[in-house]
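Some notes on the structure that comes next.
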Amino acid sequence: MSDCCTPDGSCSTSTAQGGTTVVADSRTTVYAVAGMSCGHCESTITKAIGDLDGVLSVDVDVTAGRVSVTTGGEPDDAEIAKVVDDAGYEVTGRAA
């Protein structure tokens, strides 16, 4: 199991300090992402978005084509779209 996987099988990343997750003004935004089809896609997207400043967690649902991103404040849609594009996928917008 990699560092990003939780015991329940979901994938996430978090910023921790002293074993406690630091959450300021956090908000979760769900993006529609095209091109994901497997566990490798999930890992790639999780790492790409999780490495961005201000990202507290990333949850990827490959089947639904959705990526939930929790950030410490307003997310930077353009920056998220860029790293997803650089990873070989496409953000098609915020999911309804």
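When reading the values below, keep in mind they use all heavy atoms of this one structure, side chains included, and skip hydrogens, waters and symmetry mates. Residue numbers count from 1 along this sequence.
Both M36 and L52 sit in one connected hydrophobic cluster of ILVMFWY residues. Membership requires side-chain heavy atoms under 4.5 Å apart, directly or through other members. If you chain together hydrophobic residues whose side chains sit under 4.5 Å apart, V30 and V62 never meet in one group.
The side-chain hydrogen bond (donor to acceptor under 3.5 Å, both in side chains) search around D85 returns none, not counting sequence neighbours. D53 is linked by a salt bridge (charged side-chain N to carboxylate O under 4.0 Å, His left out) to nothing, counting only residues two or more places apart in sequence or in another chain. Here T28 pairs with S68, T70 under the side-chain contact (heavy atoms from CB on, under 4.5 Å) rule; sequence neighbours left out. In this structure R66 satisfies the side-chain hydrogen bond (donor to acceptor under 3.5 Å, both in side chains) test with no other residue, sequence neighbours excluded.
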Identify all side-chain donor-acceptor contacts of residues 72-80 below 3.5 Å with residues at least two apart in sequence or on another chain.
residue : atom : partner : partner atom : Å
E74     : OE1  : R27     : NH1          : 2.7
E74     : OE2  : R94     : NH2          : 3.3
D76     : OD1  : A78     : N            : 3.2
D76     : OD1  : E79     : N            : 3.1
D77     : OD1  : Y31     : OH           : 2.5
D77     : OD1  : R94     : NE           : 3.4
D77     : OD1  : R94     : NH2          : 3.1
D77     : OD2  : R94     : NE           : 3.1
D77     : OD2  : R94     : NH2          : 3.1

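When all heavy atoms are compared, the tightest approach of S26 to L56 is CB-CD1, 3.7 Å. Contact detail for A81 and V91: the closest heavy-atom pair is CA-CG2, 3.8 Å. The minimum heavy-atom distance between T92 and A34, with the atom names listed, is CG2-CB, 4.0 Å. A pairwise comparison of heavy atoms in G35 and C41 identifies O-SG, 4.2 Å as the closest pair.
Atom-to-atom distance recorded for T46:OG1 and D51:CG is 10.5 Å, nearest 0.5 angstrom.
Under the side chain to side chain contact (heavy atoms under 4.5 Å, CB included) rule, V60 has a single partner from I49, V69, V67, T44, which is V67.
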